[in-house]
Structure formats: C-alpha cells, structure tokens
Amino acid sequence: MQRLWASSGRIALVAATIALAAFAVPRSATSHPGDHHADPEDAALVFDPDDYTTITVSVDGRPTTVRWYREICDVARPVEAAARQTGIGGTTTTISNTRCGYQSMNVFVPESAVHDQRAPIYFAVNNAGWMASYIRAGVADGAAYNSATSAVGGALKAGYVYVDVANRSRGLVGAAGDWPGKSPAAVVDAKAAVRYLRLNDKRMPGSAERIVVNGTSGGGALASILGASGNSPEHYPYLARIGAAGITADGRSTIRDDVFAINAYCPITDLGHADLSYEWLFNVLDTRTDLGQNGAPGDAAAIAARFPAYEKSLGLGLNAGNLLETVKREVIRSAEIYLRADPANTIPPLGGTFVITGGGFPGQPPTTRSYVNDWIDVDSATGRVRSVDVKKYLDFVATQATLKGTPAFDPLGVNGNTTSGAETNLFGPADQRYLNFTEYSWDHNNVAGDGSGLDDTGLTWARYIRKRSTTVDDQVRLIDPMSFIGTGADTSPYWYVRVGSRDRDTSFIVSMNLDRALAADRQVKDVDYRLAWNQPHAGNYDVPEAMAWIAGVVHRAGDPLAR
C-alpha cells in the first residue's frame, strides 16, 4: 500500500527512491554471511565469539553468568569524535573511545543463550532528547536486577541477548570541531548495528531475525524510525560512507536492516510537524493561557493555526473536529485498563487528591506533590469512567511540568533565541551549529549571522526548500517514521508503544497519528498502543507487561531458523 504523506520530500527524491528500490533486499531474503557476495569491508566486521569477559549478575536474587562482548565497533569507517563532549543539561564529559564510541555496541549474552540461535535480541537505544549516545554498559558486573522493574533483568531472565547500542546524533562534537551527528546519523548508525548483527548471525548467539528495539523519548523515536524504514534505499548512501555491513562499492545492499519488533516509550517523532501539533493541543482550550505559560501568544496562535490542514492531509480519519474526543477516549481507556489490572488500583474521586512522586534532578531526591482531581469522575464500584473534562485534564498535564516554550522543537534563532536545548541543532550541515527545520521558525528567525532563516539567506522556507541543493527537508524526512509507514519500506510487523497520560514533552496527537498509520499498514500485524495511566515522560515502567508482549509475538512468529 502506498501513501504519500504531507511530510514526504520533493518529487525528485521520491523518484530516486523508486530507482534505488531495485537494490533493496526483500524481507524474505536470507541474512547469513555465507549467503551473499560480501563487500571486502565486511571482513573487518567479523564477530569474534571468543573475545569476551565473563561477568556475574543477580537476577531476582539468582546468580546469572553473562558473557560481555565489549565495545564492538560495528562500522568499518567510524567518525572520529572529540574527547570532550557535552550532554543534556550542559554536563561535560571526557570520553575514552574517540574512534568508535558512538558507533559501537556492548553485547551481553546470558549463559542460557550462549548456544541459542533462536533467542531474541533486545536492542536498547539510549539517546534521550535525540542527543548523541556514547557507548554504555547496561549490564554491570556484580549488579542486582529485578525482572519486575528492570528491562535488563527482564531480558536476561527471559534468556534474551541484551545489546546496548551507541549512535551519533545532535550535540556530538567531532574531532575536527564539527557536528557529525546531524540527521540522519542516528538512524544510520542504528541500521549499521542491525546490519552487523545480520552479517554475524551464524557466529553470534541469538537471532538477528528477532531483534526487538527498545527506547524512550528520543530513543523511542529512534526505535520508531528504525522500525518504520527497514531496507530503505534512501539510507544506503549514508551507510556506505561509514562502512556499514552489506553495502557494496556500487551502492547495492546485500544485507537487510529491517527489525522484528518495536518497544517504544514516549517517542519524539514527526519533528517536522511537532510544533504545530503541540501548539494546537495546548492552545485550543487555552491551556497555556490558563497556566500563565503563554510567553509568545502570537507565535503560538500562528503555529497552531497551521495544524488542522496538516492533520487532515494525513488521511488518518483524525481532524481538528474529533481530536479532543479521541484524546478523551484514550484517557478513559487508559484509566479503565489500569483499574481492571489490579483491585488495589484506585483513582481519587472528584475533589480528591492525586499524590504524585516525581524524579528529581540527578543526585537529588524525588519530590512528592498533591493535585486536586477536578477532571476525571470514576465509578469505583464498576471501575468505569463516568466523565473526563478534557480542558481540565490538559491543565492537569501542564501543571505536572511546565510546557515547553514556543516553538517547542525548533526554537533556535526565533525571537533572538540562541540558547535553547531543543532539536534545532539536529539539522543542517556538519559545519553549522544549527539550522531551522520548520517553515514558521525559518521565516521568523531573526538572529543575524547564524546562517539560518529568511534574514540570512533572503529566501522564504518555500523558496529555500525548492533549491536542488537544500537537504534539511530530507534530513527531517529521513528520521520520521511517518515518511515510511505505508510505503515500500519493510516496516516492523510488531509494535508496542506507550505514552504517559501525564506526558507534556510532545503532543499526544503525535503518537495517536503513529498508531493510526501503523494500523493502516498491511505489513503490521500487531500495534499495542496506549496512554499509560498516570505516567510522565518516561519508559520501562511496565517491564512485566512489555516482556509478556515480546514473548507473545515471538511465539506467534514461530521458529526464526525455519526456511
């Protein structure tokens, strides 16, 4: 099924995609190293099964032996990084692996999976806020894990191979002082990691046909685009530059990069239209004004006014006339599922009090606050929701954490803003700190000399993206799952998506659109989407439920070694 999304790129790119499709590797193709004509660079990417360290951890109080394959560089030509890097909140760190620390993986194999070629691979991406993710070791020698609360514990207990995946992305400083993590670097590096696993599938424990991608926030978005864009030829040139497995010198792909399943939390996706969706949701019922959080009312109103046309263009059956009712239904469903899950689960009556404990800043204790319930009425005897006041609900959501400024995702350069930590610096050339990636922000950039916007280029957004040399619109599209769902890409068949019912980091509508688009894609067999009751912008808070879902879809899919 083909669908032309409003976020799609120029006609020339579409034509190029069709032309490149001849080089795509179909999902049914075999992925073992001996079954294709490997590029010579692939020889440098051969997995060594004997190069590991043995560590011991505790899972639910039981000792578990794990083989740790440390910092495997998964590309032949990694991009050198500077030793000093700055992360979220401006924290500065010194990295030791400047050669490949952002293009590598740690592989942890529990003893039960050492000789198991069928075990799923739990593929964890860790780039919060779309920030670059330096290699991490999610499994630590001597650590104790609870399978009810820890994704690591849940995966090891189930006998899955656990993989921590690093990737370049925004904020990464290169050895040359540039920014080599600009889009689509994050998804390209994730695809390279998948290709490494497929190249070495016979040599490694676990099955590359059962890769389950887990991520939260920016990681949830990376999981989503990785799941949506399987075997997309548009990513091949970028994969070739870094020497990813299975890309030949003439640009052909001999290895697949589609994945089995997605386990995504609060994904920050559809960045090209996220500002529109955010301002519409938090202005249509005056949420910003109610809470004194409307510092740029003119900008907010102008951005929100562009949203209805975009939403209608998606053809998903959602529009400005039914979206609030749809949000309401999702909130009711979330509450009622929560109440049915455990007799001990309760929701305070109208006039009662929500007592919410939230995480503090790093190194600080969590805080506990109380909020009057003035928005949801529940019949405690039946576990049914009588009513939801959507206006008061949105006020409640925005009270938990202050709303983002306007624009929420592309603010740099707008109204003199030069300090925001939002996603503007994910886009543009590697030698430029940031580039506006949405029409409104581009046309309203007034920071002279930043190289972005009408003020510096003399071109409106519409004229700028018509230039053949313009790439920022392609950068937006290549990390947006909505660009690939329902097209010729091999989209993952299984999806588990959760967004907290108190999450204000992006608009609920973004994930609702993702759900509707996936449901309309004939390749997709299971979409388990829900607002998670009373959860904030967070992930992995429902490990037993998520692991049960993974086990279920693995069982349904059958033996990955069957031909």
Side-chain angles (χ1 to χ4, degrees), residues 1-8 17 21 24-29 31 120-123 125 187 190-191 194 207-215 219-235 256-270 311 314-318 326 330 333 477-499 508-532 542 545-558 560:
M1 176 178 61
Q2 297 287 334
R3 177 180 288 119
L4 182 61
W5 296 103
S7 56
S8 295
T17 302
V25 181
R27 188 192 294 266
S28 59
S31 62
I121 297 174
Y122 193 86
F123 185 104
V125 292
V187 66
K191 284 175 174 286
V194 170
S207 171
E209 298 304 312
R210 295 293 180 265
I211 296 173
V212 180
V213 187
N214 168 267
L222 179 54
S224 298
I225 179 58
L226 184 59
S229 65
N231 308 315
S232 160
E234 292 182 69
H235 293 95
R256 293 162 32 225
D257 55 42
D258 59 280
V259 294
F260 175 72
I262 303 302
N263 176 205
Y265 295 89
C266 52
I268 303 292
T269 62
D270 196 11
E311 185 65 33
L314 294 177
L316 297 173
L318 298 176
T326 305
E330 289 293 343
R333 186 165 75 100
R477 197 172 56 79
L478 289 172
I479 61 167
D480 181 7
M482 299 294 282
S483 300
F484 296 92
I485 298 168
T487 72
D490 290 321
T491 296
S492 298
Y494 302 105
W495 293 72
Y496 181 100
V497 180
R498 291 292 182 270
V499 175
F508 298 120
I509 298 165
V510 170
S511 61
M512 287 162 41
N513 285 338
L514 178 65
D515 171 49
R516 293 289 185 97
L518 289 168
D521 189 326
R522 295 177 184 176
Q523 299 179 95
V524 178
K525 299 178 181 179
D526 185 355
V527 185
D528 190 331
Y529 165 77
R530 191 165 78 242
L531 296 185
D542 56 350
E545 180 182 3
M547 289 296 169
W549 178 85
I550 293 169
V553 298
V554 167
H555 177 74
R556 282 172 55 189

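Just so it is clear, the structure is predicted and the values come from calculations on it, not from any experiment.
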Colleague: Could you tell me how the ring of Trp549 sits relative to the ring of Tyr494: parallel (under 30°), tilted (30 to 60°) or perpendicular (over 60°)?
Modeller: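 Because their plane-to-plane angle is over 60°, the rings of Trp549 and Tyr494 count as perpendicular.
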
Colleague: Please report the shortest heavy-atom distance between Leu226 and Ala190, naming the atom on each side.
Modeller: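 That closest heavy-atom pairing would be CD2-CB, 4.0 Å.
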
Colleague: Check whether any side-chain heavy atom of Ser229 lies under 4.5 Å from a side-chain heavy atom of Lys191, and answer yes or no.
Modeller: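 Result yes, sub-4.5 Å side-chain heavy-atom pair found.
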
Colleague: Between Arg556 and Asp526, is a side chain to side chain contact (heavy atoms under 4.5 Å, CB included) present by the stated rule, with each step listed?
Modeller: CA-CA 11 Å; Arg556 282 172 55 189; Asp526 185 355; 3.3 Å; yes

Colleague: Looking only at non-hydrogen atoms, find the nearest pair between Ala223 and Ala264 and report the distance.
Modeller: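 Ala223 and Ala264 have their closest heavy atoms at CB-CB, 4.5 Å.
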
Colleague: Find the distance between CD (Gln523) and OG1 (Thr487) and round it off to the nearest 0.5 Å.
Modeller: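 Rounded to the nearest 0.5 Å, the CD-OG1 separation comes to 8.0 Å.
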
Colleague: So Asp528 and Arg498, side chain to side chain contact (heavy atoms under 4.5 Å, CB included) or not? Walk me through it.
Modeller: CA-CA 8 Å; Asp528 190 331; Arg498 291 292 182 270; 2.9 Å; yes

Colleague: Could you report the tightest heavy-atom contact between Trp495 and Gly227, atom names first, then the distance?
Modeller: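 Smallest heavy-atom distance, with atoms named: CZ2-C, 3.7 Å.
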
Colleague: Is there a side-chain contact between Arg516 and Leu314 (heavy atoms, below 4.5 Å)?
Modeller: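 SC-SC contact between Arg516 and Leu314 ruled out.
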
Colleague: Give, for atom CD1 of Ile479 and atom CD1 of Ile268, the distance between the pair rounded to the nearest 0.5 Å.
Modeller: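 The CD1 atom of Ile479 sits 11.5 Å away from the CD1 atom of Ile268.
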
Colleague: With rounding to the nearest 0.5 angstrom, report the CD1 to OG1 distance, Ile485 to Thr491.
Modeller: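 The distance works out to 6.0 Å.
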
Colleague: Identify the heavy atoms of Tyr529 and Ser511 that sit nearest to each other, and give their distance.
Modeller: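 Heavy-atom minimum between the residues: OH-OG, 2.8 Å.
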
Colleague: What distance separates Leu531 CG from Cys266 SG, expressed to the nearest 0.5 Å?
Modeller: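 One finds 11.5 Å between CG of Leu531 and SG of Cys266.
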
Colleague: Under the side chain to side chain contact (heavy atoms under 4.5 Å, CB included) rule, what do Val527 and Asp521 come out as? Steps first, then yes or no, please.
Modeller: CA-CA 10 Å; Val527 185; Asp521 189 326; over 6 Å; no

Colleague: Using a 4.5 Å cut-off on heavy atoms from C-beta on, say whether the side chain of Val213 contacts that of Phe260.
Modeller: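 With C-beta onward as the side chain, the pair stays apart.
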
Colleague: Tell me, with the steps shown, if Glu234 and Leu478 meet side chain to side chain contact (heavy atoms under 4.5 Å, CB included).
Modeller: CA-CA 8 Å; Glu234 292 182 69; Leu478 289 172; 3.8 Å; yes

Colleague: Distance from Asp257 atom CG to Asp490 atom CG, nearest 0.5 Å?
Modeller: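 Result: 9.0 Å between the selected atoms.
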
Colleague: Side chains of His235 and Val187, heavy atoms from C-beta outward: is any pair under 4.5 Å?
Modeller: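 Yes, close enough: below the 4.5 Å cut-off.
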
Colleague: Kindly compute the distance separating CD (Glu545) from CD1 (Ile550), expressed to the nearest 0.5 Å.
Modeller: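 So the CD of Glu545 and the CD1 of Ile550 are separated by 11.0 Å.
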
Colleague: Does the side chain of Asp542 come within less than 4.5 Å of Arg530's, by heavy atoms?
Modeller: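 Result no, sub-4.5 Å side-chain heavy-atom pair not found.
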
Colleague: Out of the candidates Val194, Asn214, Val259, Val212, only one should pair with Phe123 under the side-chain contact (heavy atoms from CB on, under 4.5 Å) rule; please name it.
Modeller: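 Among the candidates, only Val194 passes.
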
Colleague: Hey, are the side chains of Val553 and Tyr496 touching, using non-hydrogen atoms and a 4.5 Å cut-off?
Modeller: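 SC-SC contact between Val553 and Tyr496 ruled out.
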
Colleague: To check you understand the geometry: which heavy-atom pair defines the closest contact between Val499 and Pro267, and what is its length?
Modeller: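 That closest heavy-atom pairing would be CG2-CD, 4.1 Å.
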
Colleague: Find out whether Pro481 and Ile225 are in side-chain contact, i.e. whether some heavy atom of one side chain is under 4.5 Å from a heavy atom of the other.
Modeller: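 A side-chain contact under 4.5 Å exists here.
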
Colleague: Do Glu311 and Asn513 have side-chain heavy atoms sitting under 4.5 Å apart?
Modeller: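 Answer yes - side chains close enough.
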
Colleague: How far apart are the closest heavy atoms of Arg210 and Gly558, and which atoms are they?
Modeller: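 Answer, listing the atom of Arg210 first, then Gly558: NH2-O, 2.8 Å.
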
Colleague: For Glu330, give me all partners under salt bridge (Lys or Arg N to Asp or Glu O under 4.0 Å), at least two apart in sequence or on another chain.
Modeller: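 Here the qualifying residues are Arg333.
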
